[in-house]
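Just so it is clear: chains get the letters A, B, ... in the order the sequence lines come, proteins before strands, and each one is counted from 1.
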Protein chains: 2
Amino acid sequence: MKATRNTTAKTAVLEIFEKSKTALSHSEIQKQLNDVCDRVTIYRILDRLVNDDIVHKISNLDGTVKYAKCNHSNQRVHIHNHAHFSCENCHEITCLENVKPSYIMPHNYKVKEINFTLSGLCPNCLNSNI
Amino acid sequence: MKATRNTTAKTAVLEIFEKSKTALSHSEIQKQLNDVCDRVTIYRILDRLVNDDIVHKISNLDGTVKYAKCNHSNQRVHIHNHAHFSCENCHEITCLENVKPSYIMPHNYKVKEINFTLSGLCPNCLNSNI
DNA sequence: AATTTTATCGCAACAATGTTGCAATTGATA
DNA sequence: TATCAATTGCAACATTGTTGCGATAAAATT
Ligand SMILES: [Zn+2]
Ligand SMILES: [Zn+2]
Ligand SMILES: [Zn+2]
Ligand SMILES: [Zn+2]
């Protein structure tokens, strides 16, 4: 595989992920970046980070796509089988690293990736009594 | 709630769902409709069908969004907790009505919807030995 | 430290997908 | 058949993601 370079834009993106407790969309990252780089560059950085297993992609029921840092890059088999929670009120998406679905598949399917997203109200919004 | 009307466009869309064994994207529906109605109308019909619990929306890891007919519209509590399989080769998405994930949530989350999508190779493509 | 290599970037142009406002149409009901 | 509101078409727009290519800059080599 090709060597990946540590550019200023990539470093800036990683810092944003580091600071964030929730998953981020392309446009949220763009806002926080304050023109550090072009829109297109962000797409390419995200692609690279996903490829390098540094970040994982989360696609939500409403069609939005977000990204979050992986907290398990050390595992031998790198698979994102944890759940994600998407709050319908504040629209924040968080990784639930400890929630992993169990299920029984019919044979003759080969499963490579899973996407398990729950939506509803997060603890914050639930307390605010919407 | 407002009354929903049976228009020719809506009927045509429903017939397409009836004939299809897999989930359909907006553009796939548009192709099959052969200019029965405008692009925008299809979006609005899909919105209505989802609202009326006749069709459910499936969002895939690659960012595509598809729709499939519900086979359980009679249930009291209408929830789509079955899995979907998305083939990375033929890009078909099918409902696996019998595959339902079990999981343990932390309390203080209120879960209203779940989206459980598996991807990999479907039986067809697995046999074709890609 | 200068040179070389090539991954990355910026820009412009494009494609796909989804949304909104409003006047015209049409399904349902009386 | 007349009425009324749900639905439609159209045009215009917004957002999201992609591609090609010459310019730039990271990092390996000299
Ligand atoms: Zn919330
Ligand atoms: Zn996650
Ligand atoms: Zn397949
Ligand atoms: Zn389904």
Side-chain angles (χ1 to χ4, degrees), chain A residues 1-17 23-68 86 88 91 93 115 117 119, chain B residues 1-17 23-68 86 88 91 93 115 117 119:
Chain A
M1 40 186 139
K2 286 191 275 186
T4 270
R5 293 182 181 173
N6 286 318
T7 65
T8 50
K10 181 181 161 190
T11 308
V13 170
L14 276 177
E15 269 172 23
I16 289 172
F17 275 118
L24 299 166
S25 67
H26 172 276
S27 68
E28 288 166 338
I29 293 168
Q30 189 180 8
K31 267 173 218 142
Q32 292 197 43
L33 273 180
N34 259 101
D35 288 310
V36 166
C37 67
D38 194 70
R39 229 169 56 80
V40 179
T41 301
I42 304 175
Y43 280 113
R44 299 200 258 226
I45 289 174
L46 290 171
D47 282 349
R48 256 179 289 149
L49 292 178
V50 168
N51 258 304
D52 292 350
D53 283 337
I54 294 170
V55 149
H56 60 285
K57 191 175 175 177
I58 307 154
S59 83
N60 200 38
L61 250 188
D62 63 11
T64 57
V65 171
K66 299 210 177 189
Y67 299 85
S86 161
E88 66 184 25
H91 298 104
I93 297 186
N115 175 219
T117 308
S119 55
Chain B
M1 42 187 136
K2 287 189 275 186
T4 271
R5 293 181 180 175
N6 286 318
T7 66
T8 49
K10 181 182 160 189
T11 309
V13 170
L14 276 177
E15 270 172 22
I16 290 173
F17 274 118
L24 298 166
S25 68
H26 172 275
S27 69
E28 288 166 339
I29 293 169
Q30 188 180 10
K31 268 174 216 141
Q32 291 197 44
L33 273 179
N34 259 102
D35 287 310
V36 166
C37 66
D38 193 70
R39 228 169 56 81
V40 179
T41 302
I42 303 176
Y43 280 113
R44 298 200 260 226
I45 289 174
L46 289 172
D47 282 348
R48 257 179 288 150
L49 292 177
V50 168
N51 258 304
D52 292 351
D53 283 337
I54 294 169
V55 149
H56 60 284
K57 190 174 176 178
I58 308 155
S59 82
N60 200 39
L61 251 189
D62 63 11
T64 57
V65 171
K66 299 210 177 191
Y67 299 86
S86 161
E88 66 184 26
H91 296 105
I93 296 185
N115 174 29
T117 307
S119 55

*Residues touching DNA chain D, which here means a heavy atom under 4.0 Å, drawn from residues 10-17 of chain B*: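 Hits under 4.0 Å, by residue number: none.
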Round to the nearest Å and state the distance from [X] atom [atom1] to [N] atom [atom2].
X	N	atom1	atom2	result
B/I42	C/dA16	CD1	P	15 Å
A/L46	C/dC9	CG	P	11 Å
A/Q30	D/dT15	CD	P	11 Å
A/K66	D/dG17	NZ	C1'	17 Å
A/D38	D/dG17	CG	P	15 Å

_Walk me through whether B/F17 and B/I54 qualify under side-chain contact (heavy atoms from CB on, under 4.5 Å)._
CA-CA 10 Å; B/F17 274 118; B/I54 294 169; over 6 Å; no
*Dump the intermediate steps for side-chain contact (heavy atoms from CB on, under 4.5 Å) on A/Y67 and A/L24, then the final yes or no.*
CA-CA 5 Å; A/Y67 299 85; A/L24 299 166; 5.7 Å; no
*asked:* Suppose the criterion is ring-ring contact (aromatic ring centres under 6.0 Å, His included): which pairs have a residue in residues 34-53 of chain B, not counting sequence neighbours?
replied: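 Qualifying pairs, neighbours excluded: B/H26-B/Y43.
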_Residues in side-chain contact (heavy atoms from CB on, under 4.5 Å) contact with A/A68, at least two apart in sequence or another chain_ =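 Listed in chain order: A/A23, A/H56, A/I58, A/C95.
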*Difference in axis direction between the ends of the helix from C/dA1-D/dT30 to C/dA30-D/dT1, five pairs, 10°*: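 That helix gives 40° between its end axes.
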*asked:* Give me the atom names and distance for the closest heavy-atom approach of A/L33 to A/V36.
replied: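 Residues A/L33 and A/V36, closest heavy atoms: O-CG2, 2.8 Å.
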_One character per nucleotide, please: for nucleotides 17-25 of chain C, 5' to 3', B when the base has a protein heavy atom closer than 4.0 Å, S when only the sugar-phosphate does, - otherwise._
BBBBB----
*asked:* Protein within reach of the bases, or only the backbone? For nucleotides 23-30 of chain D, mark each nucleotide 5' to 3' as B, S or -, using heavy atoms under 4.0 Å.
replied: --BBS---
*salt bridge (Lys or Arg N to Asp or Glu O under 4.0 Å) partners of residues 24-43 of chain A, not counting sequence neighbours, each pair once*: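 Of all non-adjacent pairs touching residues 24-43 of chain A, those that pass salt bridge (Lys or Arg N to Asp or Glu O under 4.0 Å) are A/E28-A/K66.
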Could you list the residues that satisfy side chain to side chain donor-acceptor pair (under 3.5 Å) with [X], not counting sequence neighbours?
X	result
B/N34	none
A/K57	none
B/T117	B/N115
A/T41	none

_B/S59 (side chain) donor-acceptor with B/V65 (main chain) under 3.5 angstrom_ =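 No; zero donor-acceptor contacts below 3.5 Å.
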_Set of salt bridge (charged side-chain N to carboxylate O under 4.0 Å, His left out) partners for B/E15, sequence neighbours left out_ =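 Partners of B/E15 under the salt bridge (charged side-chain N to carboxylate O under 4.0 Å, His left out) test: none.
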*Would you check, one step at a time, whether the test side-chain contact (heavy atoms from CB on, under 4.5 Å) holds for A/I45 with A/R48?*
CA-CA 5 Å; A/I45 289 174; A/R48 256 179 289 149; 3.5 Å; yes
